[in-house]
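To start, the structure under review is shown below, and the notes come after it.
All heavy atoms count here, side chains included; hydrogens, waters and symmetry mates do not. Letters go in sequence order (proteins before strands), and every chain restarts at 1.
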Number of protein chains: 2
Amino acid sequence: MRKIAEKIEYSPTTIYLYFKDKSDLLVQICEETFAGLAKKLEAIDAKYDDPFEGLKEGCRAYINFALKHPNHYKVVFIMMPQEEADAGQYEYVGSMGDKAFSYLRENVANCIKQNKKSRVDVVDVDVASQVIWAALHGLTSLLITHKDFPWASREKLIGQMIDMIIRTVQE
Amino acid sequence: MRKIAEKIEYSPTTIYLYFKDKSDLLVQICEETFAGLAKKLEAIDAKYDDPFEGLKEGCRAYINFALKHPNHYKVVFIMMPQEEADAGQYEYVGSMGDKAFSYLRENVANCIKQNKKSRVDVVDVDVASQVIWAALHGLTSLLITHKDFPWASREKLIGQMIDMIIRTVQE
DNA sequence: TCAATATACTTAACACCGTTAAGTGCATTG
DNA sequence: CAATGCACTTAACGGTGTTAAGTATATTGA
């Protein structure tokens with residue numbers, strides 16, 4: 001907060017006239033960025049007739065977004081819900097993250113619906129979309145936070161991850 | 001640190017006679033816990049002849065471990081590498097996390113080796129094991145940090161996740 | 001026109017944090 | 001019996017987010 005104050009050439013307390021606290025400030029900044037992701041996912045949803053291609057592209061967009069805005073991603077999905085012991089402090093309640101997820105869910109639903117085979121009744125849309133989100137989040141968050149790990153090439157990892165995800169909703 | 005000091009009924013500075021700093025203390029505590037995970041994974045590796053069954057069980061063990069020790073898991077895989085901007089501060093360099101991962105990698109390697117079909121040369125062991133770890137981490141870390149999200153049943157999520165993972169090394 | 005009020009901001013301080021420098025009392029040693 | 005080492009503490013530093021109180025300046029209403 002003091003660093004921000006110095007940068008904008010105001011006293012630290014001035015910030016509190018515009019934001020409730022640090023958490024509020026961070027959330028508002030991140031909402032702005034995540035609106036871009038939601039918009040991108042919406043556009044992909046509209047662009048592709050084949051829901052599988054759409055899902056692939058959506059997954060790619062999610063990963064690329066996270067890697068392009070690592071700090072924003074960290075704030076929303078890694079840092080924010082840290083202090084849950086203190087009864088809801090630093091809780092992220094942004095609408096844009098939800099919106100982005102709902103596009104993913106919709107896309108997954110379309111994939112499952114289009115399946116002719118038996119997996120229709122086996123795969124639950126909620127379960128599938130949550131597992132897919134988790135897989136995406138796992139890769140992005142590890143790539144962001146564990147930079148020193150001897151990772152394989154980023155392209156191969158992303159490719160294999162998306163391959164794995166698509167197989168879940170296929171056949 | 002002050003809370004710990006109060007709990008053990010010593011002055012805060014006494015802790016610094018036994019641990020370099022807070023990070024060191026946390027890492028040492030977590031190493032102890034993670035040794036349990038490594039041991040468990042080793043036992044599973046030895047128990048199962050079928051590497052696919054072994055991998056399934058190993059994945060389950062990983063998830064259960066994380067959910068049983070959420071704070072330790074958070075320290076090692078979520079919190080620790082947070083301050084990477086300040087040149088390596090709070091960097092986790094524990095050996096037990098690596099050990100646990102190496103068991104996973106070994107198990108994945110055995111699965112891929114046993115495959116008769118063409119995917120042998122398609123699936124890279126490093127890529128596959130890293131993607132699988134990422135998927136596991138994604139689910140556990142989200143379940144730990146985003147408790148308020150409207151999750152599907154934990155059993156279904158875990159089941160679907162492991163199903164998805166197994167499919168990656170199969171066929 | 002002049003006092004009352006609202007606006008935009010600051011100063012000083014609080015309570016907390018991890019951490020360090022310096023010191024204290026006590027046991028062990030030569 | 002003095003010197004050294006050991007286990008621990010007190011006091012303080014520099015940092016954090018945040019609040020209470022105060023201060024100019026602009027805007028308003030009688």
Side-chain angles (χ1 to χ4, degrees), chain A residues 1-35 69-97 141 144-148, chain B residues 1-35 69-97 141 144-148:
Chain A
M1 300 301 277
R2 289 164 196 267
K3 291 255 182 71
I4 291 169
E6 198 179 358
K7 205 100 181 181
I8 63 177
E9 294 187 287
Y10 284 89
S11 94
T13 57
T14 303
I15 298 169
Y16 290 87
L17 300 172
Y18 298 87
F19 300 94
K20 189 183 159 291
D21 52 21
K22 187 184 176 183
S23 170
D24 179 39
L25 193 162
L26 289 173
V27 166
Q28 291 206 37
I29 290 172
C30 291
E31 276 297 285
E32 233 176 82
T33 322
F34 270 74
H69 307 282
N71 291 327
H72 296 70
Y73 191 85
K74 265 200 310 208
V75 165
V76 171
F77 287 128
I78 300 174
M79 285 172 55
M80 290 311 274
Q82 205 158 280
E83 311 282 322
E84 33 86 56
D86 298 4
Q89 207 187 352
Y90 272 155
E91 193 69 29
Y92 177 76
V93 285
S95 56
M96 286 305 162
S141 66
I144 288 171
T145 61
H146 289 68
K147 289 188 173 175
D148 294 349
Chain B
M1 299 302 276
R2 289 167 194 265
K3 290 255 182 71
I4 291 169
E6 198 178 357
K7 206 103 182 176
I8 63 178
E9 294 188 285
Y10 284 89
S11 94
T13 56
T14 303
I15 298 169
Y16 290 88
L17 300 172
Y18 298 87
F19 300 93
K20 191 184 158 288
D21 53 20
K22 187 184 176 182
S23 170
D24 179 38
L25 193 163
L26 289 174
V27 165
Q28 291 207 37
I29 290 172
C30 291
E31 277 295 287
E32 233 175 81
T33 322
F34 271 74
H69 308 282
N71 292 326
H72 295 72
Y73 191 86
K74 264 200 307 208
V75 165
V76 171
F77 287 128
I78 300 174
M79 285 172 54
M80 290 311 276
Q82 202 158 279
E83 310 283 321
E84 34 85 57
D86 298 4
Q89 209 188 350
Y90 274 156
E91 194 68 31
Y92 177 76
V93 285
S95 56
M96 286 305 161
S141 66
I144 288 171
T145 60
H146 288 68
K147 288 189 174 175
D148 295 347

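The separation between A/Y16 atom OH and D/dG22 atom C1' is 19 Å, rounded to whole Å. The interatomic distance linking B/I15 (CD1) with D/dC8 (P) rounds to 12 Å, in whole Å. A straight line from CE of A/M1 to P of D/dG15 spans 18 Å, rounded to a whole angstrom. The nearest whole Å value for the distance from the CD atom in B/E6 to the P atom in D/dT10 is 14 Å. Remark: P of D/dG17 and CG of A/D24 are 15 Å apart, rounded to the nearest angstrom. One atom, CZ of B/F19, and another, P of C/dT20, lie 15 Å apart when rounded to the nearest Å. Straight-line distance from the CG atom of B/L17 to the C1' atom of D/dT9: 10 Å, rounded to whole Å. As rounded to whole Å, 13 Å separates atom C1' of D/dT16 from atom CD1 of A/I4.
Distances from the side chain of A/K22 to the nucleotides D/dT9, C/dC9, D/dG17 place D/dG17 closest. Among D/dT9, C/dT11, D/dT18, the nucleotide with an atom closest to any side-chain atom of A/S11 is C/dT11.
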Exercise for review: Kindly indicate, with the supporting measurements, whether the criterion side chain to side chain contact (heavy atoms under 4.5 Å, CB included) is fulfilled by B/L25 and B/K22.
Suggested key: CA-CA 5 Å; B/L25 193 163; B/K22 187 184 176 182; 5.6 Å; no
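By the neighbour-count criterion of 12 heavy atoms within 6.0 Å, atom CD of B/Q28 is densely surrounded, having more than that number from other residues, nucleotides or ligands.
Evaluation of atom-type donor-acceptor distances gives no pair under 3.5 Å for the side chain of A/R2 against the base of D/dG15. For B/T13 against C/dT20, no side-chain N or O and base N or O form a donor-acceptor pair under 3.5 Å.
Close to D/dA7, at under 4.0 Å from its OP1 or OP2, lies no side-chain N or O of B/Y18.
Taking CZ from B/R2 and OG from B/S11, the interatomic distance works out to 10.0 Å, rounded to the nearest 0.5 Å.
Ring planes of A/Y73 and A/F34: parallel class, angle under 30° (limits at 30 and 60°).
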